[in-house]
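What follows is a short report on a single structure.
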Protein chains: 4
Amino acid sequence: MDTQKTQRTRRKESRPGEILDAAFEEFVEKGFAATRVEDIAERVGVTKGTVYVYFKDKEALFDATARNVGQWLFTAMDQIHLDPATSCRDQLLTFLKEFYRIVANDRKSREILRLMLAEGRRFPGMVDRHYNEFFEPSCRRLQGIVKQGILTGEFRESNVQDMPEIFFGPSLLMTIWSLMFEEQRHFNIERYVAADLDLLMHGLATRPAASLEPIRPPSSQDGL
Amino acid sequence: MDTQKTQRTRRKESRPGEILDAAFEEFVEKGFAATRVEDIAERVGVTKGTVYVYFKDKEALFDATARNVGQWLFTAMDQIHLDPATSCRDQLLTFLKEFYRIVANDRKSREILRLMLAEGRRFPGMVDRHYNEFFEPSCRRLQGIVKQGILTGEFRESNVQDMPEIFFGPSLLMTIWSLMFEEQRHFNIERYVAADLDLLMHGLATRPAASLEPIRPPSSQDGL
Amino acid sequence: MDTQKTQRTRRKESRPGEILDAAFEEFVEKGFAATRVEDIAERVGVTKGTVYVYFKDKEALFDATARNVGQWLFTAMDQIHLDPATSCRDQLLTFLKEFYRIVANDRKSREILRLMLAEGRRFPGMVDRHYNEFFEPSCRRLQGIVKQGILTGEFRESNVQDMPEIFFGPSLLMTIWSLMFEEQRHFNIERYVAADLDLLMHGLATRPAASLEPIRPPSSQDGL
Amino acid sequence: MDTQKTQRTRRKESRPGEILDAAFEEFVEKGFAATRVEDIAERVGVTKGTVYVYFKDKEALFDATARNVGQWLFTAMDQIHLDPATSCRDQLLTFLKEFYRIVANDRKSREILRLMLAEGRRFPGMVDRHYNEFFEPSCRRLQGIVKQGILTGEFRESNVQDMPEIFFGPSLLMTIWSLMFEEQRHFNIERYVAADLDLLMHGLATRPAASLEPIRPPSSQDGL
DNA sequence: TATGAATGAGCGTTCATTCAT
DNA sequence: TATGAATGAACGCTCATTCAT
């Protein structure tokens with residue numbers, strides 16, 4: 001009994017991170033408005049007041065949460081390394097497969113999208129940040145590869161070179177599927193990725209049906 | 001007096017619909033939890049209590065709202081008529097262009113996605129309904145066209161025939177873009193649609209690059 | 001039981017006034033910060049929420065309360081009628097006796113001072129209002145009488161003609177006494193007023209000690 | 001190291017006093033309820049917990065604060081020395097001028113009044129103490145002078161001899177003025193004191209208008 | 001002695017919902 | 001059918017207080 005009551009753990013350093021993780025789960029599950037600060041605290045095993053020791057208010061907590069998960073994604077994207085010595089086709093494949101890997105394995109990177117759509121109007125800064133730090137740079141990279149591929153003769157010319165965002169379409173669908181149906185409806189990621197890449201490569205290629213069987217996408221441990 | 005009463009009657013009969021429209025705007029703007037019943041009422045020009053005359057509670061109102069907008073989409077999809085006498089390629093193009101037309105011109109059909117992601121957990125029935133009435137049937141239709149096209153030799157065999165949902169990827173991206181950035185960031189729909197269809201047709205086609213310039217997508221009056 | 005529960009009284013018109021009265025009592029007893037909105041509501045016999053039907057927040061309620069009581073005082077002061085046909089001495093006596101009457105009989109007019117001192121920093125507008133609507137005009141009136149009295153030879157010249165606020169000193173002391181000691185310490189108002197006026201008249205008079213016994217001040221029913 | 005320790009020691013010894021001073025400023029500015037212990041601590045440059053090392057709780061801190069400032073006043077009043085060899089008129093003048101000097105120069109002695117009115121109900125002991133240690137004895141002294149003056153024939157008989165508190169009226173008005181309007185509205189203390197004493201002396205005197213020009217009151221360095 | 005992380009009771013405020021009219 | 005005054009549960013946030021260090 002005594003020990004119970006005295007269990008006021010002291011760990012200033014780890015607390016913010018713990019709270020941020022808990023907050024992420026709650027915000028993602030209920031949305032900003034329906035999330036109770038107390039539930040977040042409970043998840044961490046502290047009381048309401050503790051949350052306010054580290055965050056000014058619920059909005060600041062949400063903002064920090066969004067930055068926190070955003071960082072994950074930005075970092076992961078930055079770590080997609082493309083070897084300029086390889087063909088543009090390979091670079092494109094690598095980029096997209098890596099992106100699929102991220103999105104398939106990391107639930108956080110998927111839930112970001114939900115936050116974006118659900119709370120973007122209340123937190124426009126969050127949307128801007130993701131546009132500037134994730135979407136725009138990624139599109140630039142993709143566009144670079146496509147344009148280069150046209151120069152080398154690997155890819156045919158088409159409107160795609162000015163619309164690189166289109167490459168994110170299929171992975172987005174997979175993400176949305178995951179967010180909407182969760183564990184309830186099965187989705188064969190590997191075949192889906194294969195279909196996407198196969199379709200894409202054939203769509204972009206200069207030559208007819210090159211025999212480029214799509215490389216296996218990474219297995220998802222995250223239970224998409 | 002007569003007109004008065006007639007107006008009143010007409011008013012009464014249309015009330016639920018007016019409320020549903022207002023509710024849609026509010027729910028879409030703020031989300032379920034952050035939406036105030038009073039704001040919905042105000043939009044219609046009635047008082048809070050009136051809303052409760054027609055709807056049991058806020059949840060019922062949301063549910064009805066979701067059904068209401070869903071109906072729009074379901075109906076629109078049902079009206080995509082495909083001529084079996086035309087080529088599979090044309091049928092596919094027609095289907096996708098019609099879908100783009102719907103999604104580009106009708107903000108409601110886009111906002112549904114937001115509701116789905118933001119409130120799907122609270123209203124799983126809504127998600128199921130859309131899966132059953134929109135997504136699944138559409139995928140079946142698409143799959144049918146693809147399979148048929150393979151039989152006729154128009155399309156090559158690929159994983160795509162089992163993953164028809166992939167066709168929705170690019171239009172989904174456009175939708176998400178619209179939902180996230182709204183008027184703030186320009187998006188050239190026509191070229192985007194062209195790029196999508198062009199890429200797709202080349203990706204699916206058996207023969208190299210037949211001269212199938214993508215038909216102009218419908219102009220959007222909706223200001224995506 | 002049923003009647004109890006159904007006793008949702010409906011009286012939009014009288015509510016604000018009732019609440020203002022209750023708020024006054026609470027604010028005066030506990031101060032702004034320590035007053036609970038719920039206690040105010042309870043005093044009226046409604047619930048917390050009802051208060052917010054009529055007042056935006058606690059500050060607005062305080063402000064309205066202050067205006068409400070202030071009005072009492074301003075009106076009462078305006079109704080002090082001085083007959084210009086009478087001597088300046090009589091006019092001065094009348095004014096002061098009337099003021100004593102107000103302050104002695106009306107607890108509200110006394111408690112205003114408490115609010116002023118206790119909450120003036122938080123509600124500077126309230127202080128300004130009282131200065132402009134009560135203090136300054138009253139001083140002007142008093143100064144007018146004194147100056148006139150000097151012209152007519154009733155009063156001798158002195159610094160007092162430029163410091164009419166000094167006339168409020170003794171009544172202020174009585175007020176403070178009341179606010180501080182309430183029922184606990186006896187205070188003989190009548191003799192106090194007599195002493196004040198007597199001292200004043202002798203202090204102002206040109207001639208020695210004219211036989212001006214101070215008129216009895218009004219009996220206080222308010223239990224100062 | 002030595003200086004360090006000495007400083008520390010000195011620091012420790014003076015801590016309660018420092019806290020009391022800080023507490024006074026905060027309580028006076030915000031009132032008891034609205035004052036945050038943390039703000040007091042911050043003023044001293046320590047943390048919240050430290051305050052609780054020296055004071056049991058906020059109430060105890062307030063109580064100590066009130067005693068502390070009260071002591072100032074009590075001591076100052078005790079130091080008003082009256083020469084029994086001088087005339088009663090002079091003694092009365094001396095007393096009042098000294099009191100004006102205290103009140104005009106020492107903000108604390110004025111703010112006490114605010115605490116008294118604002119928090120008197122919560123801390124009745126504070127009020128009693130001031131009554132017993134300041135007000136009552138002062139009135140006794142004043143009454144003594146007046147009665148003596150009547151015996152010596154300096155003062156005429158009047159109700160004032162039983163109502164010595166009236167002498168505090170004008171200085172109270174000055175105090176209230178200061179508390180309410182602070183620096184915002186000018187107040188000419190010297191002329192005000194002159195007017196008060198002049199009026200008083202004429203009011204009390206047996207003989208007509210003795211040529212007793214009021215001695216200059218002490219200049220106020222406190223910026224009333 | 002001093003700290004500051006943690007607590008939790010408490011209060012202001014909101015808003016879905018009810019119900020008498 | 002429509003109103004809107006009233007309700008009261010719920011939640012964000014504050015802050016006095018505690019206590020292990």
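The backbone N or O of C:T35 sits nowhere less than 3.5 Å from a side-chain atom of C:E26 that would complete a donor-acceptor pair. Side-chain atoms of A:K108 never come within 3.5 Å of backbone atoms of A:F24 as a donor-acceptor pair (strictly under, hydrogens ignored). Of the possible donor and acceptor atoms, none in the side chain of D:K30 sits under 3.5 Å from a partner among the backbone N and O of C:R122. A donor-acceptor pair is defined here as one N or O able to donate and one able to accept, closer than 3.5 Å; no such pair exists between the side chain of A:T50 and the backbone of A:V46. In this structure a side-chain-to-backbone donor-acceptor pair under 3.5 Å is present from A:R114 to A:L179. Proximity of a side-chain donor or acceptor of C:R15 to a complementary backbone N or O of C:Y54 within less than 3.5 Å is not detected.
Of the candidates F:dA6, E:dT13, E:dA16, the closest approach to any side-chain atom of B:K58 belongs to E:dA16. For B:T47, the side-chain atoms get nearest to F:dG4 when compared with the rest of E:dT13, F:dT17, F:dG4. Taking only side-chain atoms of B:V53, from C-beta outward, the nucleotide of F:dT1, F:dA6, F:dC13 with the closest atom is F:dT1. With F:dT3, F:dT7, E:dA16 as the candidates, the nucleotide lying closest to the side chain of B:Y52 is E:dA16. Ranking E:dA2, F:dC11, F:dA16 by closeness to the D:R15 side chain, first place goes to E:dA2.
One finds no side-chain N or O of D:K48 lying less than 4.0 angstrom from the OP1 or OP2 phosphate oxygen of E:dG4. Between B:Y54 and F:dA2 there is a side-chain polar atom (N or O) within less than 4.0 angstrom of OP1 or OP2. Note on C:T50: a side-chain N or O is less than 4.0 Å away from OP1 or OP2 of F:dT7.
Atoms CZ (B:F27) and P (E:dC15) sit 14 Å apart, rounded to a whole Å. Summarising the geometry, the separation between CZ on C:F55 and P on F:dA5 is reported as 13 Å, rounded to the nearest angstrom. Remark: P of F:dC13 and NZ of A:K56 are 8 Å apart, rounded to the nearest angstrom. As a whole-Å value, the separation of B:E26 CD from E:dC15 C1' is 14 Å. Rounded to an integer number of Å, the gap from B:I40 CD1 to E:dC15 P is 12 Å. Put simply, NZ on A:K30 is 9 Å from P on F:dC11, counting in whole angstrom units. Per the geometry, CZ belonging to B:F62 stands 14 Å off P belonging to E:dA16, to the nearest Å. The nearest whole Å value for the distance from the CG atom in C:D39 to the C1' atom in E:dC11 is 11 Å.
Nearest-nucleotide positions on DNA chain F for D:D57 and A:D57 put A:D57 closer to the 5' end. Residue whose closest nucleotide on DNA chain E sits further toward the 5' end, between C:E38 and B:R36: C:E38. The residue among C:A33 and D:G49 whose nearest nucleotide of DNA chain E lies closer to the 5′ end is D:G49.
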Quiz prompt | Derivation of the side-chain contact (heavy atoms from CB on, under 4.5 Å) call for D:E119 and D:F27 | solution = CA-CA 10 Å; D:E119 314 296 347; D:F27 283 137; over 6 Å; no
Quiz item: Based on Watson-Crick and G-U pairs with both distances under 3.5 Å, what dot-bracket line describes DNA chain F 5' to 3', crossing pairs as [ ] and inter-strand pairs as |?
Solution: .||||||||||||||||||||
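Taking the six-membered ring where the residue is Trp, A:F123 and A:F62 present parallel rings, their angle staying beneath 30° rather than reaching 60°.
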